[in-house]
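Presented below is the structure to which this report refers.
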Amino acid sequence: MDINLQFWKSEGQSFLRRLRLWINILDPVSLLSSDGEIEKARSLLGSADPKNKREVDDAWKLSLSSVHSDTGTIHPTIFRPPAFLPVAAPLVIASLLPHKGVKPAFLWQFLLQSYSAGFNFSNRNATATKDNKTTLKQALLIVGSVTYATCAGTIPQFVMTRYGLRSTSVQVFCRSVLPVPLAALLAAFNVLVVRAEEIENGVRVFDSSGNSVGVSQKAGSKAVNETALSRAAMMGTTVALPSLLMVLLKRTSFGQRHSLLVAPVRHISAALVLGLMVPLSFSLFPQLCTIQRDDLENELQTATADKQLFYHRGL
């Protein structure tokens, strides 16, 4: 079991504790660290020499934010957890803009869904893929997920443009109501499709000592479903709260007198809500989740005496 997973096992079983850890891990300053600094931090954590507490804390921060917990490889900078908010926030805001045509809406949806697919794939449970290599099937799943989600996300704009819908009620429905469930569903769909191989091939499960017991499809399904739920909660809330704020603001005298300020308020609030939801959604389920032995496949139930086993959920 990788040292990252050992850390999550001892420190990440409480939601509030996980939340505090993720707020620290998501510091974008860590993105400036070089591969050499990250490897040095990992070496520091693996050594038996006495260490300064601040150095240890900084080393854990680099390891947890930059290194894959299954393979021990360093994530591409753009797909590290601290990069999610700086990259995703502009894409989410741009996808919510009231575009005048289908093409700009399609472009921003494509960029958002492509980044989401890349992030989901990079932070998956990698024990489902042999030698950590991208298979042809996995590549097709990623392309299919991005294509379908992009087209589905553009539906509200396409309907308004194609049929020339200009009534206020239709505009409100297509720009404020429909995007909420659509964003949540597409975020979950992206995770489910990109990480489908974990459900099909299974993920590695560990006993209480960190020893591998075997590979479980049921644990893989649980890992993917939990991650999809956390991502749906993040994106659905990010779209819903600014839309609700807009409705309330337009009913006030301030909103009616300063209508030009309403749109910027929505964009700023969307960025703020996303900034709050990223650590909350990452903390919703443990990184090293538990599963009861009786819930696993029969062959795994007889492979260990532990009643509770562990698996890496991914992110």
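In this text the structure is predicted, and so the values were computed from the model without any measurement. Hydrogens, waters and symmetry mates are skipped; everything else that's a heavy atom, side chains included, is used.
Between Arg231 and Asn120, the side chains place a donor N or O and an acceptor N or O closer than 3.5 Å (distance only, hydrogens not considered). For the 3.5 Å distance criterion, the side chains of Gln301 and Arg293 fail to qualify, holding no donor opposite an acceptor. Side-chain atoms of Ser208 and Asp306 form a donor-acceptor pair, as typed in the model, at a separation below 3.5 Å. For Glu297 and Ser216, the side-chain atoms include at least one donor-acceptor pair closer than 3.5 Å. A donor-acceptor pair shorter than 3.5 Å can be found between the side chains of Ser63 and Arg42. Side-chain N/O atoms of Gln157 and Thr161 include a donor and acceptor closer than 3.5 Å. Between the side chains of Asn201 and Gln217, not a single donor N or O lies within less than 3.5 Å of an accepting N or O.
Geometrically, Lys9 engages Phe310 in a cation-pi contact, judged by NZ or CZ lying under 6.0 Å from the ring centre and within 45° of the ring axis. A cation-pi arrangement is present between Arg124 and Phe121 under the rule of less than 6.0 angstrom and at most 45 degrees off the ring axis.
Using a cutoff of 4.0 Å between basic side-chain nitrogens and carboxylate oxygens, Asp207 and Lys307 are not scored as salt-bridged.
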Report, one line per pair, each donor and acceptor closer than 3.5 Å where one atom sits in a side chain of residues 29-36; sequence neighbours left out.
| residue | atom | partner | partner atom | Å |
| --- | --- | --- | --- | --- |
| Ser30 | OG | Asp27 | O | 2.9 |
| Ser33 | OG | Ser30 | O | 3.3 |
| Ser34 | OG | Glu37 | N | 3.3 |

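The side-chain heavy atoms of Val203 and Val215, taken from C-beta on, include no pair separated by under 4.5 Å. You'll find the side chain of Asp295 stays beyond 4.5 Å of the side chain of Lys218, heavy atoms only.
Evaluation of the side-chain hydrogen bond (donor to acceptor under 3.5 Å, both in side chains) rule for Thr290 yields no partner, not counting sequence neighbours. With sequence neighbours left out, the side-chain hydrogen bond (donor to acceptor under 3.5 Å, both in side chains) criterion links Ser221 to Asn225. Partners of Glu39 according to the salt bridge (charged side-chain N to carboxylate O under 4.0 Å, His left out) rule, which considers only residues two or more places apart in sequence or in another chain, do not exist here.
Glu11 contributes atom CD, which lies 12.5 Å from atom CZ of Arg18 (distance to the nearest 0.5 angstrom). In this structure, His75 NE2 and Thr73 OG1 are separated by 7.0 Å, a value rounded to the nearest 0.5 Å.
Note on ring orientation: taking the six-membered ring where Trp is involved, the planes of Tyr115 and Phe84 are tilted (angle from 30° to 60°).
Grouping the Ile, Leu, Val, Met, Phe, Trp and Tyr side chains by contacts below 4.5 angstrom, directly or via other members, places Val143 apart from Leu141. Hydrophobic clustering, with ILVMFWY side chains joined whenever heavy atoms are under 4.5 angstrom apart, groups Trp22 together with Leu5. One hydrophobic cluster holds both Ile78 and Val146 under the rule that ILVMFWY side chains link at heavy-atom gaps under 4.5 Å.
Residue pairs meeting the side-chain hydrogen bond (donor to acceptor under 3.5 Å, both in side chains) criterion with at least one partner in residues 263-283, sequence neighbours excluded, are Ser243-Arg266. Applying the side-chain hydrogen bond (donor to acceptor under 3.5 Å, both in side chains) definition to pairs two or more places apart or across chains, those involving residues 136-145 are Lys137-Glu200.
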